[in-house]
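Lettering of chains follows the sequences in order, A, B, ..., and the numbering in each one begins at 1.
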Amino acid sequence: MNADDVQVIGRTLGTAGLSTLLIFPFGVALAWLLARKEWPGKSLIETVVALPLVMPPVATGLILLNLLGRHGPVGVLVQHIFGAEIVFTWKAVVAAMAVMSFPFLVRTVRLAFEEINPRLEQVARTLGASPARVFMTITLPLAVRGMMAGAVWAFARALGEFGATVLVAGNIPGRTTTMSVAIYSDIQLDHEGHAYELMAISAVLAFAAILFSNQFSKWGGTR
Amino acid sequence: MKFTLQKLQLRQEHFLLEVDLTASGQIIGIFGNSGAGKTSLLEVVAGLRRPASGRIAVDDLLLMDCNSRIFLHPEHRGVGYVPQDLALFPHLSVRKNLTYGHKPEAVSSAISLAHVADVLEIEALLDRAIADLSGGQKQRVAFARALLASPRLLLMDEPLASLDQELKWKIIPYLKRIRDEFKIPMLYVSHSPDEVIELCDQVIVMRGGKCLRTSPPGEIFEATTSMALKPGIYGEP
């Protein structure tokens, strides 16, 4: 493993961690709204959020490229406000990871909210608690393991992201190359040995993430 | 307590609750078989469901009046609720469950943790986890938690339905103690005639979302045969 590999691994872990942090509050809020409330357009939002699970990642990447590109609505807005470009930078890697891992977070956290007996929240209200206090003292503590599991799944999915990333961020050594993209590139260039090295590291990282998630869900006693 | 429900109407997917009644007594039973609308009625009184129309008052306190667009949210009603599954908070200790709605600083709070724990004999359980309690202990903790919020009215939704007969008759004296010690009026849902006869002053008989009659329990259960109601309207024998 050379210095470039360390950089690639660091970039992959960093962008995956950042994308998970960015989507976490939105994912938890959306999961709660989907689990606990009825609102117009709920089915549409549910479907849109699930799309990256079933669409080819490259197709999702193409949509992102059109949105985030120099002439795309989001790209123009970001250029106007921050004077920065997104595509073919590390920010595009984060964006692709965030979009692809968002459904994993939402689905896992939504299940965690749905598992909580709504009677607990109702009784807390009758005991004088405001909706905000009920959320902070009943809903959140009971869903915390599911939320952490959702975050780990999203992080693990982001680590392995390839299709959308390669389209919006490309494979620019020292700037946007992630582990998945580096493995693909090594295979293309007939550097099989190096590809297997990175594959082994990817497997260890994914294994550790899932192990952590499983262990975490066993901690904290019974619900 | 004078309990008034005027022209109350709650529409659900396959069910219509329509109630118009006045009942008086310290413990008013709501009696009927499954699907009669007993739990829905309690949820409306607790503020957990919003009916399409109607007015609810307990003595002089107006809980809801659709015409005047008055709707007190559950946290402002001062109504204690013990659901059938008790809904004890599993991640909190017994003590934290009990003090969740307790406001010891409130001048009007005449009910103390020590008093309730003494009356319901749960002092030894205070530092235990909910998962470590037996069925009867959970029952008493749920009663105590509702009492400690100093409610104006207690709503009990078949609190003894999940207990076997032996345990049920051990818990009933505690309910009588609550009645005698704390003098908090109660709406007591049950489909068991013996519980209603034992505890209630008045009984509202419900079927199919409607109130059939309101009378003292003695009259209701004597009237069963002469009214020729369907078997099962009074639940199990």
Side-chain angles (χ1 to χ4, degrees), chain A residues 28 31-40 42-43 46 108-152 213-223, chain B residues 13 39 42-49 63 72-93 96-106 108-109 129-133 141-157 159 187:
Chain A
V28 169
W32 182 79
L33 285 172
L34 292 172
R36 282 289 187 261
K37 299 284 172 190
E38 290 302 322
W39 35 283
K42 182 174 165 177
S43 301
E46 267 179 306
T108 312
V109 180
R110 179 183 178 169
L111 276 178
F113 284 134
E114 284 175 345
E115 276 180 15
I116 299 170
N117 179 1
R119 276 271 181 255
L120 299 174
E121 295 161 323
Q122 292 176 338
V123 167
R125 292 285 302 275
T126 67
L127 291 169
S130 64
R133 185 178 168 218
V134 172
F135 185 76
M136 295 307 291
T137 57
I138 306 294
T139 316
L140 214 54
L142 289 173
V144 74
R145 283 186 289 160
M147 285 160 61
M148 292 310 294
V152 172
S213 170
N214 289 342
Q215 280 304 116
F216 192 85
S217 61
K218 287 177 193 165
W219 295 335
T222 52
R223 180 166 291 170
Chain B
E13 209 170 334
T39 297
L42 277 203
E43 288 175 346
V44 168
V45 176
L48 302 172
R49 285 175 191 262
L63 297 180
L72 288 187
H73 288 286
E75 62 269 32
H76 300 130
R77 290 197 175 198
V79 169
Y81 179 39
V82 179
Q84 198 172 342
D85 61 2
L86 306 178
L88 292 170
F89 307 135
H91 59 303
L92 302 179
S93 67
K96 286 188 174 166
N97 265 273
L98 296 181
T99 53
Y100 190 87
H102 187 40
K103 299 172 196 76
E105 73 281 3
S108 60
S109 177
I130 294 301
D132 296 337
L133 302 181
V141 170
F143 297 156
R145 181 180 63 177
L147 278 170
L148 278 163
S150 299
R152 300 181 185 100
L153 170 68
L154 263 178
L155 308 177
M156 301 275 198
D157 189 2
L187 281 181

Of A:Thr137, A:Val144, A:Ile138, the residue whose pairing with B:His91 passes side-chain contact (heavy atoms from CB on, under 4.5 Å):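 Testing each of A:Thr137, A:Val144, A:Ile138 against B:His91, the sole residue satisfying side-chain contact (heavy atoms from CB on, under 4.5 Å) is A:Ile138.
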Let me know if [X] has heavy atoms under 4.5 Å from chain A in its side chain, its backbone, both or neither.
| X | result |
| --- | --- |
| B:Ala87 | both |
| B:Leu155 | neither |
| B:Ala129 | neither |

Mind checking the [atom1]-[atom2] spacing from [X] to [Y]? Nearest 0.5 Å is all I need.
| X | Y | atom1 | atom2 | answer |
| --- | --- | --- | --- | --- |
| A:Asn117 | B:Leu88 | CG | CG | 11.0 Å |
| A:Arg133 | B:Glu75 | CZ | CD | 11.0 Å |
| B:Leu92 | A:Leu142 | CG | CG | 8.0 Å |

Aromatic B:Tyr81 / basic A:Arg119 pairing, under 6.0 angstrom, 45° off normal: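 The answer is no; the distance or angle limit is not met.
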Least distance between heavy atoms, B:Phe89 atom then A:Val123 atom: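 It is CZ-CG1, 4.4 Å.
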Heavy-atom pair with the smallest gap, counting every atom of B:Ala146 and A:Leu127: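 Heavy-atom minimum between the residues: CA-CD2, 4.3 Å.
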